[in-house]
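Have a look at the structure below, then the notes.
Chain naming here is simple, since letters A, B, ... match the order of the sequence lines and numbering starts at 1 in each. Heavy atoms only: backbone and side chains are in, while hydrogens, waters and symmetry mates are out.
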2 protein chains.
Amino acid sequence: MTYTSAALFIIGTELTRGVIADRHTQVISSQLTQLGYRVDRMVLVPDDGTIGDVLRDCIDNCDLVVMTGGLGPTSDDMTRTIVANLAKVPLVRDREAFDTLHARIGERIWGANEQQTMIPQGFELIPNPLGTAPGFKGFIPNGERQIACVAMPGPPREMNPMFFDQVIPWLAQLIGHDDFSRSEYSTFLIPESKLEELCKSISFNGMQWGTRFQDLKISLYLVDGSEADRTEMANRLRSLVGACLVVDGDVQPTTLLTTLLEERGETISTAESCTSGYIAKLLTDQPGSSAWFWGGVASYANEAKKQLLGVRSETLEQEGAVSEACVLEMAEGMRRTSGSDWSLSVSGIAGPDGGTPEKPVGTVWFGFASKTRESTAVKVHIASYGRDSVRRRASVMALILATQYIKGACLLDTVKKWQYI
Amino acid sequence: MTYTSAALFIIGTELTRGVIADRHTQVISSQLTQLGYRVDRMVLVPDDGTIGDVLRDCIDNCDLVVMTGGLGPTSDDMTRTIVANLAKVPLVRDREAFDTLHARIGERIWGANEQQTMIPQGFELIPNPLGTAPGFKGFIPNGERQIACVAMPGPPREMNPMFFDQVIPWLAQLIGHDDFSRSEYSTFLIPESKLEELCKSISFNGMQWGTRFQDLKISLYLVDGSEADRTEMANRLRSLVGACLVVDGDVQPTTLLTTLLEERGETISTAESCTSGYIAKLLTDQPGSSAWFWGGVASYANEAKKQLLGVRSETLEQEGAVSEACVLEMAEGMRRTSGSDWSLSVSGIAGPDGGTPEKPVGTVWFGFASKTRESTAVKVHIASYGRDSVRRRASVMALILATQYIKGACLLDTVKKWQYI
């Protein structure tokens, strides 16, 4: 049979009581859409006995049911029982699941957790390296049809890796991708609608793609085609938007910089005006940050730029705080005070007010200084979607530009490529 | 009849294709739960003809159906037609809706927008001041029962005000709140499960409550009861957790501090170790921050504490960076350098590694200095739910403690109250 129509079935009383927000529907539906499925409904239900009828209805109307939640050790968590009932098979203990869980929690398995090692007979276990509840996948007979069914745990940190690594390849095969393969890229600073438009304009050989929006980046997945075709499409995108905005794999913009610094055994310091601590915070989100981050200054007031960084009064009076001269003095002052190998500075108009015709909201100067290399500064104009967005994008830019600076790339050329930002 | 069981029905192909994330289910389900409804299912469906059957099924199984989306001017947007069919009534033009829309868009109304002025006969219009699609509410007969049904537009900026201002009072009345009224409070730093437990323990006269989790706070809604009862319940909560963690109205923790500083015409500076810019970033999220924020230092490395803040080497060697002496020197150094009226400092073990038996992960010292008042420092132990959570909660604590310090409250007493954090 051909699998095309899909239903998502998200189980959790915390969701229907509004205690927590659902984080699964978008992740799963965007991936299913990208694979070619049509998602006909997404149902969120409480973790109680009432789910059987709703699930029955999904099975009558769709070819594939993707479930999350209801696999915990408590008696409320009855996904496996309901699926077994619908498939008219008993629950059986999965030896591998039992051994794995026993190795992890020992004799404590003989309580409610034992239940977590059971799966509907004929189904296949999906290991869960991050929690006690494994998932399972298989088929529920429904008249002449075999409805595909996959169940995964509810917590996002367990569901996401299981879905991306173990479930998507199976779903790809079901819908007829003979040789499912895809490549993941991380894109920075390109607006989602523009990324969509650019992919459409450069796609060839029927290449498919999908995107996933995250806080500081958008993941771009290229699906099917040969690996050479996917690389070619990524390169076409790079030639349009600038190579450093499209990076292989799942990479945060912060990691670009911190990995480079770690490799070189060097440190950076930050002097931030409009972003005021945003970059320092990002650089310390990861444990072990002292390896690459010396410290920084949030020099919001002009007085702070003078006191903490040694920016000259004349510079502020004649050029203003948002100027090449100011960010150079900020970066150099920070570099000198800190003794760190590198330093970066940012000064701009975050808005919503304070812009002028010469320096409209979104004008941001970036400065970079080094122990060994000449200081440099570049200006970027960020299309303003609000103060928050300007500050977030300025922070991501600073991280990428600092990476380029340390690598010895020409920052002006880099910025010239950024026509879509 | 008694209305207790509710279904949400969220319409939008962007949702089932995963293009955008659903933002309605949590907002609506938490409010319904708080009113006393039991949300039995939340269904997200594409904006096509297939929704009729699923909606029929909701109506057969629930007392109330809350719908969003499908009210736009395009032919795909067929919510009003489907509801009219289910209610077996024609669509009729609503004079008020027509006049309002005509006044706004003039002759352009004679295209697809005309459709937006139609509602199922017998239903009541809900005006939409923020868009072209009004909502409607009414009843769908189903055998002996009258199923309540409300339809609202899909965009959150139109749906949210319509729901909170015009729909919630109607839903409250349906489920039997004679005189619906409620008060909103902002709570800080109290874990959600603990807040739930405390409310249960202090509730009286059948007072109901609901919570809404946000990034830096939890909104607590007390529903029904007299205003005096609601105030009494809030005061009971305050006496358990500390008055400054339960604030009237919808207030961000940053605003507590910045409002106070603005009133006094004073400024603050920040010296952050483990939070490393988080607080400086929060203090500048709002436009106009230069009124209250001078600037700050992210003194992540010990060298940065010495260079930028004048912390003494002996202090770091003898007491360590996470100590009373260190945060006092940090705050005082920052105050001196800046000339700001107030300054705060934070130094702690954010984890996940680096804790010791004496200073486990989550140990955070806060220091405060002033032009006019003696410096002071307090220690808090934050239960660790990960590096991110420790840093976020330390930042919120710093904002609240700084507010207390400026007000002249005893910080030690404040912290002693924080037994549930």
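For the residue pair A/Thr284 / B/Arg391, a side-chain donor-acceptor distance below 3.5 Å is found, with atom types taken as modelled.
Contact annotation for B/Gln286: only backbone heavy atoms (N, CA, C, O) come within less than 4.5 Å of a heavy atom of chain A. Of the two parts of A/Asp388, only the side chain, counted from C-beta on, holds a non-hydrogen atom closer than 4.5 Å to a non-hydrogen atom of chain B. With a 4.5 Å cut-off on non-hydrogen atoms, A/Arg387 touches chain B through its side chain but not through its backbone. In this structure, chain A has no heavy atom under 4.5 Å from any part of B/Asp353. Contact of A/Ser289 with chain B is made through backbone and side chain together, with heavy-atom distances under 4.5 Å. For a residue to count as touching a neighbouring chain, one of its non-hydrogen atoms must lie under 4.5 Å from one of that chain's; by this rule B/Ser338 does not touch chain A. Contact of B/Thr33 with chain A is made through the side chain alone, with heavy-atom distances under 4.5 Å.
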(message) What verdict does the side chain to side chain donor-acceptor pair (under 3.5 Å) test give for B/Thr25 and A/Asp22, after you've listed the backbone C-alpha separation in whole Å, the side-chain angles of each residue and the deciding distance to 0.1 Å?
(response) CA-CA 8 Å; B/Thr25 52; A/Asp22 154 59; 5.5 Å; no
(request) Kindly indicate, with the supporting measurements, whether the criterion side chain to side chain donor-acceptor pair (under 3.5 Å) is fulfilled by A/Glu266 and A/Trp342. (result) CA-CA 8 Å; A/Glu266 294 174 337; A/Trp342 309 92; 2.7 Å; yes
(request) Kindly determine whether B/Thr275 and A/Lys281 satisfy side chain to side chain donor-acceptor pair (under 3.5 Å), including the steps that lead there. (result) CA-CA 7 Å; B/Thr275 53; A/Lys281 191 255 173 194; over 6 Å; no
(request) Kindly determine whether A/Leu195 and A/Glu197 satisfy side-chain contact (heavy atoms from CB on, under 4.5 Å), including the steps that lead there. (result) CA-CA 5 Å; A/Leu195 184 60; A/Glu197 191 186 315; over 6 Å; no
(message) Would A/Thr270 and A/Met334 count as a side-chain contact (heavy atoms from CB on, under 4.5 Å) here? Give the steps.
(response) CA-CA 7 Å; A/Thr270 54; A/Met334 192 69 233; 5.9 Å; no
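Each of A/Thr16, A/Ile20, A/Val43 has some count of heavy-atom pairs under 4.5 Å with chain B, and the biggest count is that of A/Thr16. Contact tally against chain B (heavy-atom pairs below 4.5 Å) for A/Ala280, A/Ala7, A/Ser276, A/Ser340: the top residue is A/Ser276. Taking chain A as the reference chain and counting heavy-atom pairs below 4.5 Å, the highest number among B/Ser29, B/Gly354, B/Ala350 is found for B/Ser29. In terms of heavy-atom pairs under 4.5 Å with chain A, the best-connected choice from B/Val297, B/Asp285, B/Leu308 is B/Asp285. The most heavy-atom pairs under 4.5 Å with chain A, out of B/Gly296, B/Ser30, B/Ala301, come from B/Gly296.
Using a 4.5 Å heavy-atom cutoff, the side chains of B/Thr13 and B/Val45 are not in contact. In this structure, the side chains of A/Leu32 and A/Leu8 come closer than 4.5 Å at one or more pairs of heavy atoms.
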